Amino acid sequence: MTQKLSAGYINVPVPKDIDIKSEINRLRKEKNAVILAHYYQTGDLQDIADFVGDSLALAQWAAKTEADIIVLCGVHFMGETAKIICPDKKVLVPDLNAGCSLADSCPADQFSAFVKQHPDHTVISYVNTTAAVKAVTDVVVTSTNAKQIVDSFPADAKIIFGPDRNLGNYINSITGRNMLLWDGACHVHEQFSLEKILALKKEYPEAEIITHPECKQPIIQVSDFVGSTAALLRHTIESDKKQFIVATESGIIHKMQKSSPAKQFIPAPPNDSTCACNECSFMRLNTMEKLYNCLKYELPEIFVDETVQKEAIKPIRRMLDLSAKLGL
Ligand code: 13P
Ligand code: SF4
């Protein structure tokens with residue numbers, strides 16, 4: 001079957017006469033597999049998953065699951081993180097082409113050279129990085145715990161923060177730090193148009209603008225709430241407001257709408273109105289058909305070099321321990 005993997009996913013047509021949802025349910029039971037999905041996956045994948053969460057919750061779930069197989073419906077670094085945490089489990093992603101432009105903006109060799117130039121700095125890396133970048137990192141963070149983990153270091157600590165310059169700038173602004181930032185970014189979150197968001201706000205004056213910290217500073221500055229996908233979702237559930245302009249990947253709206261059916265969620269528009277640039281093209285590569293084939297053939301599988309795994313687990317473990325201590 002590996003020859004059918006040349007496309008990065010199992011390229012075999014799914015029989016038309018099967019009920020794909022019941023087949024996925026049968027396979028996951030039979031194989032003791034757990035399906036974890038990120039909030040940016042399409043609604044059908046979120047609905048069939050055993051668990052849907054943000055990057056931190058996916059890593060925490062991987063750390064505690066007793067399943068033999070983890071199928072990660074998300075992007076490559078999420079599967080890789082699960083594999084680093086669980087080197088003895090089989091970790092699958094439905095489509096290996098599901099990369100991340102932010103992780104790609106931080107090549108490991110260049111980042112390592114940058115780290116070597118600043119030997120007196122603590123290295124804090126966002127989870128959206130390759131295993132090789134994590135291997136030269138002191139502590140990994142996600143958007144849920146970045147502020148608290150940065151705060152856990154002495155005020156005068158010298159810190160390198162990579163790879164997201166927008167998240168780094170935001171954390172600098174709310175912690176009063178001056179961390180040295182890697183110049184990376186996510187192609188989805190960089191695309192949102194301030195002008196169009198402000199025009200939407202005029203149209204819906206009661207709406208709150210809620211924003212992921214990977215967005216650029218001018219958008220963060222006009223936002224009513226800034227947080228990780230999980231924090232944004234929680235905010236929409238807890239808030240008295242009835243309308244929200246959502247400045248992050250639009251997949252999160254599926255869960256927001258399900259959790260608060262009476263509220264209105266308006267996706268923030270990208271600069272280019274001819275594209276669906278507020279959708280992560282990588283996340284959207286995963287489909288129900290690819291998930292079915294992935295469970296059936298147990299491919300494609302994520303592998304991490306053993307030496308890299310042994311280094312990369314340290315900053316991830318540190319993040320998981322600190323998050324547990326912080327009650328996150
Ligand atoms: P969260 O950890 O907030 O879900 O973010 C992941 C991500 O890739 C954002 O683009
Ligand atoms: Fe990466 Fe951006 Fe997609 Fe998140 S939305 S997975 S940061 S490319």
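Each residue takes its place number in the sequence, starting with 1. Values in this document were obtained by computation on a predicted structure and should not be read as measured data. Order of appearance sets the numbers: ligands from 1, and atoms from 1 within every ligand.
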- Item | His189 neighbourhood, listing ligand 1 atoms whose heavy-atom distance to it stays under 4.0 Å | 10 (O)

- Atoms in ligand 1 flagged as close to Ser228, the criterion being non-hydrogen separation under 4.0 Å: 3 (O)

- Could you give me the CA-CA distance, side-chain angles and deciding distance for Phe114 and Leu180, then say whether side-chain contact (heavy atoms from CB on, under 4.5 Å) is met? CA-CA 10 Å; Phe114 180 62; Leu180 203 50; 4.0 Å; yes

- For ligand 1, indicate whether the residue Glu249 contacts it via side chain, backbone, both or neither (heavy-atom separation under 4.0 Å). neither

- For a side chain to side chain donor-acceptor pair (under 3.5 Å) with Gln264, tell me which candidate from Glu206, Gln243, Lys242 qualifies. Gln243

- Query: Should Glu249 be listed as contacting ligand 2, given a heavy-atom distance under 4.0 Å as the test?
  - Reply: no

- Got a salt bridge between Asp224 and Lys241, using NZ or NE/NH1/NH2 to carboxylate O under 4.0 Å? no

- Per-atom contacts of ligand 2 with His187, taking only distances under 4.0 Å to non-hydrogen atoms: 8 (S)

- Do you know which of Thr229, Asn286, Thr248 makes side chain to side chain donor-acceptor pair (under 3.5 Å) with Tyr40? Thr248

- Atoms of ligand 1, numbered as shown, that sit under 4.0 Å from any heavy atom of Ser143: 1 (P), 2 (O), 3 (O)

- Message: Give me the residue, atom name and distance of the protein heavy atom closest to atom 2 (O) of ligand 1.
- Response: Ser55 OG, 2.7 Å

- Query: Do you see an N/O/S atom of Cys186, backbone or side chain, under 2.8 Å from atom 3 (Fe) of ligand 2?
  - Reply: no

- Query: Is any side-chain N of the basic residue among Arg165 and Glu190 closer than 4.0 Å to the acidic one's carboxylate O?
  - Reply: yes

- Query: Name the one of Lys90, Lys89, Gln309, Glu301 that satisfies side-chain contact (heavy atoms from CB on, under 4.5 Å) with Lys83?
  - Reply: Glu301

- Does one hydrophobic cluster hold both Ile220 and Ile245, with members joined at side-chain heavy-atom distances below 4.5 Å? no

- Atom indices of ligand 1, in the order listed, that fall short of 4.0 Å to a heavy atom of Asp54: 1 (P), 2 (O), 4 (O)

- Side-chain donor-acceptor pair present, Thr142, Ser55, cut-off under 3.5 Å: no

- Note on the structure: atom 1 (Fe) of ligand 2: closest protein heavy atom, distance to 0.1 Å, is Cys100 SG, 2.4 Å

- Geometric cation-pi criterion, Lys290 with Tyr9: 6.0 Å, 45°: yes

- Task: Please identify which atoms of ligand 1 are closer than 4.0 Å to at least one heavy atom of Asn128.
- Result: 7 (C), 8 (O)

- Query: Under 4.0 Å from any heavy atom of Ser101, which atoms of ligand 2 are there?
  - Reply: 8 (S)

- Item | atom 5 (O) of ligand 1: the protein heavy-atom neighbour that sits closest, reported with distance to 0.1 Å | His212 NE2, 3.3 Å

- Query: Touching ligand 1 at all, His38? Heavy atoms, strictly under 4.0 Å?
  - Reply: yes

- Hey, would you say the Phe192 and His212 ring centroids sit under 6.0 Å apart? no

- Name the closest protein heavy atom to atom 3 (Fe) of ligand 2, giving the residue it belongs to and the distance to 0.1 Å. Cys280 SG, 2.4 Å

- Query: Which ligand 2 atoms does Asn128 reach within 4.0 Å, using its non-hydrogen atoms?
  - Reply: 7 (S)

- Message: Under 4.0 Å from a heavy atom of Tyr40: which atoms of ligand 1 are those, numbered in the order shown and with their elements?
- Response: 7 (C), 9 (C), 10 (O)

- If you have a sec, work out which protein heavy atom is nearest atom 9 (C) of ligand 1 and how many Å separate them, to one decimal? Glu214 OE2, 3.0 Å

- For Gln41, the option from Arg284, His254, Met283 that meets side-chain contact (heavy atoms from CB on, under 4.5 Å): Met283

